[in-house]
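Inspection log for the structure reproduced underneath, given as structure tokens.
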Amino acid sequence: MTRADVRLPSASHWRLLPAVAIVTLLLCSLMVGFGWHAIATFGFRDPDDALRYVEVRDFLNGQNWFDVSQHRINPPIGGPMHWSRLVDLPIAALILLFRPLFGAVMADRLAMAIVPLLLTGALCLTVGLAVRRLSDTVTAIAASALIALSIPIVIQFLPMRIDHHSWQILMAAVALWATFDTQLRRSGIVTGLAAAFWMHVSSEGLPYAVVFGGVFALAFLRDAATWDRLWTYAVTLAAASAVFLLGTRGWPEATRLYCDAISPVYLLPMIAAAIALPLLHRIIGTQNLSRRALISAIAACVGAAVYLSVGDVCRGGPFEALDPIVYKYWYLNVAEGRPVWEQTPLMIGIVILPPLVGMIGMLISIRRTQGDQRFAWLTMLLLSGGAYAVSLMVMRALSVSYLMALPGIATLIVLLLPKAQSLRTAPGRIMATVALCGITPLGLAAILALVLSDKDVTTQNAESSTSSSKAALGCTSKAHLVGLAALPRGTIMAPLDVGPNLLAFTPHSVVATSHHRNNVGIRDVLLTFMGRPSLAERIVIQHKVRYLVYCEVGDEIDNYVERAPHGFMADLKAGRIPDWLQRVPMRPGETIRVYRMVTPAAR
């Protein structure tokens, strides 16, 4: 790419920053207003946020930097985790900063509210800068503003949403910004760093790292002058991944093979490709298209061959080793991790339609431009198409797909708005302008909700949302676990989604949470609540459980009863309590059900 790619028609650099600052302030104000109740009540929106808080708190209380296991999960063994310490650092830093000023509890609350807002500002700025490199300032401002209308993105940055998803989205934006940098070596280095950080935060970044490498290889096929970006990307990706792995896992843990996180299974192929590229470049040369294609193809084959030789255990995916019971009754029920064709009709439309609109805008830009700028838009289309393909396979990836669609949607709005405003009549101008809202992500979602307003689907979604809300706010919030927290410390048998809040707000341990490396613990929780009472008794004795706890509402409870109508949870909900459990009353207003194990001698 040349400097012509990013030349602005009549806009100065200083115009973008104030506009993005205003967008960020408005968006953050709305997010704080929307999330105020969660901030005030210490309410987590997802079990992963609660467990992230537990991880940060344990780290501040002295847990080893290299140890991310949760020792209050499945004691005395502990619950192994695949999470990265890197995400913990800003939360921990703000907690330490605020503690002397506001006390421990308020410091925790402030840190978990502020970190997502800081990441929101970084995202708005990065998207604006990326689109300005691709197009112009007006389109860049529009793309930044469209973040506020992209619900799958916004929900990952709400206050108290401290899990790693926001970091993944931000790294996607940084990589996109670096892709269109005219300084080729800097472009490769920054993109490689962003992709390596992304992969280390979550192995879900792996396919995107391949997509960015693919578009750089395509640019190299077109123009040998872009070689510096391709090889610096490959080398930086491999080197940074190795540094992150050693720096957060330590030796010898960094040498162990894992399928669900960056490990030698994925690192060795990256290193092999990074070594092969410059060697092939020197041996083969870049005089023509065939030679350049041969360099890229052989390097890709070298990486693939190394992966096939060391990654045999991971060819079936990161969840291949799950116990069959865990796979069937837990993993297949995690809708966000399933492909688009297993979603509700409304969710299918939400995943599919907005990115397609964005890609239409990119196609229009390709037709309207020439030369290097046309190729830049083609690159954007390929990146968006790659992210779109990932979202079709894994529903929770739709946030990155939406992010990649923003430049195209912003372009459509910037092109169509003047046409709408040029209509002769005032009603026509107003109607045409309002109609443009229908091509924003939020507008498209609203249209889909109207079109797909099937009564059964609507009722099912409403009931599911209501039950989940009650379970989270009326049962496992901090204020409603005071009675349980006051009981003598012990191990709790509880449904998987309840576990993280119990760890966050009580001193107790739990058998398992919804985190797949604790395969045995998850299996035993499922067998307890779906099996016969006699099986449940054997399992709780085996785990030395002191309390059995559950909320009376929630999707997980309903799933247990639906899948095992004669199981233990169905008995509990029907009031058939075995003699080895004794009800423990909670404080007035606390709805969580707590039972104490009764020893055989006391029966």
Side-chain angles (χ1 to χ4, degrees), residues 1-8 130-136 139 172 174-192 194-195 207-238 270 273-304 358-389 404-405 407-408 411:
M1 299 176 194
T2 67
R3 188 64 190 172
D5 294 348
V6 296
R7 187 175 295 129
L8 306 177
V131 178
R132 188 178 65 183
R133 282 177 168 175
L134 180 64
S135 183
D136 57 65
T139 307
V174 172
L176 184 64
W177 167 64
T179 295
F180 300 109
D181 190 348
T182 56
Q183 298 293 323
L184 296 178
R185 288 193 180 185
R186 185 174 63 191
S187 173
I189 291 171
V190 175
T191 308
Y208 302 101
V210 174
V211 171
F212 278 99
V215 297
F216 291 163
L218 181 62
F220 173 57
L221 293 182
R222 174 178 177 265
D223 185 357
T226 63
W227 162 252
D228 279 351
R229 181 173 54 198
L230 177 60
W231 80 265
T232 54
Y233 171 75
V235 171
T236 303
L237 183 69
M270 286 188 278
I275 293 173
L277 272 173
L279 290 177
L280 292 167
H281 180 267
R282 178 177 293 273
I283 295 171
I284 298 175
T286 62
Q287 290 86 345
N288 53 51
L289 177 63
S290 299
R291 289 173 181 263
R292 296 195 293 273
L294 195 60
I295 291 172
S296 300
I298 294 177
C301 289
V302 168
M359 285 188 275
I360 290 172
M362 295 169 202
L363 286 170
I364 292 174
S365 294
I366 290 171
R367 292 190 61 184
R368 289 167 53 90
T369 53
Q370 295 180 351
D372 288 344
Q373 191 172 13
R374 172 178 288 184
F375 188 76
W377 275 109
L378 176 61
T379 299
M380 185 68 252
L381 178 64
L382 293 174
L383 291 173
S384 183
Y388 186 57
M404 295 297 181
T411 296

_Nearest 0.5 angstrom please: Thr139 OG1 to Leu134 CG, how far?_
8.5 Å
_Pairwise side-chain contact, Val211 with Leu382, heavy-atom cut-off 4.5 Å (strictly under)_ = no
*Test applied, side-chain contact (heavy atoms from CB on, under 4.5 Å); reference residue, Val215; option that passes from Thr379, Leu381, Thr191, Leu230*: Thr379
_Arg367 and Ile364: CA distance, side-chain angles, deciding distance, side-chain contact (heavy atoms from CB on, under 4.5 Å) verdict_ = CA-CA 5 Å; Arg367 292 190 61 184; Ile364 292 174; 5.8 Å; no
*asked:* Looking at Gln287, I'd like to know if its CD atom is crowded, meaning that more than 12 non-hydrogen atoms belonging to other residues, nucleotides or ligands lie closer than 6.0 Å.
replied: yes
*Going from CZ on Phe180 to CH2 on Trp377, what distance comes out if it is rounded to the nearest 0.5 angstrom?*
8.0 Å
*If you look at every heavy atom in Val131 and Pro407, which pair is closest and at what distance?*
CG2-CG, 3.9 Å
*Got a second to check how far Leu378's CG is from Gln373's CD, nearest 0.5 Å?*
13.0 Å
*If we only count heavy atoms from C-beta on, is the Ile284 to Ile298 side-chain gap below 4.5 Å?*
yes
*Leu237 and Gly192: which non-hydrogen atoms are nearest, and at how many Å?*
CD1-O, 3.8 Å
_Are the side chains of Ile275 and Leu279 in contact, using a 4.5 Å heavy-atom criterion?_
yes
*asked:* Give me the atom names and distance for the closest heavy-atom approach of Ser365 to Thr411.
replied: OG-CG2, 3.2 Å
*Could you walk me through whether Phe220 and Ile295 pass the side-chain contact (heavy atoms from CB on, under 4.5 Å) check?*
CA-CA 10 Å; Phe220 173 57; Ile295 291 172; 4.3 Å; yes
_Value rounded to 0.5 Å, distance of CG in Asp181 from CZ in Arg133_ = 4.0 Å
*asked:* Please give me the minimum heavy-atom distance between Ala405 and Met362, naming the atom from each residue.
replied: CA-CE, 3.9 Å
_Please give me the minimum heavy-atom distance between Arg229 and Ser187, naming the atom from each residue._
CD-OG, 3.1 Å
*How are the rings of His281 and Trp227 set relative to one another: parallel (under 30°), tilted (30 to 60°) or perpendicular (over 60°)?*
parallel
*asked:* To the nearest 0.5 Å, what is the distance between CZ on Phe375 and CD1 on Ile366?
replied: 10.0 Å
*State plainly whether the residues Arg292 and Asp223 are in salt-bridge range, i.e. N to O under 4.0 Å.*
no
*When rounded to the nearest 0.5 angstrom, what is the spacing between CZ in Arg374 and CG in Asp372?*
11.5 Å
*Side chain to side chain, Met380 and Thr179, heavy atoms closer than 4.5 Å*: no
_Please find the pair of heavy atoms, one from Met404 and one from Ala172, that lie closest to each other, and give the distance._
CE-O, 4.1 Å
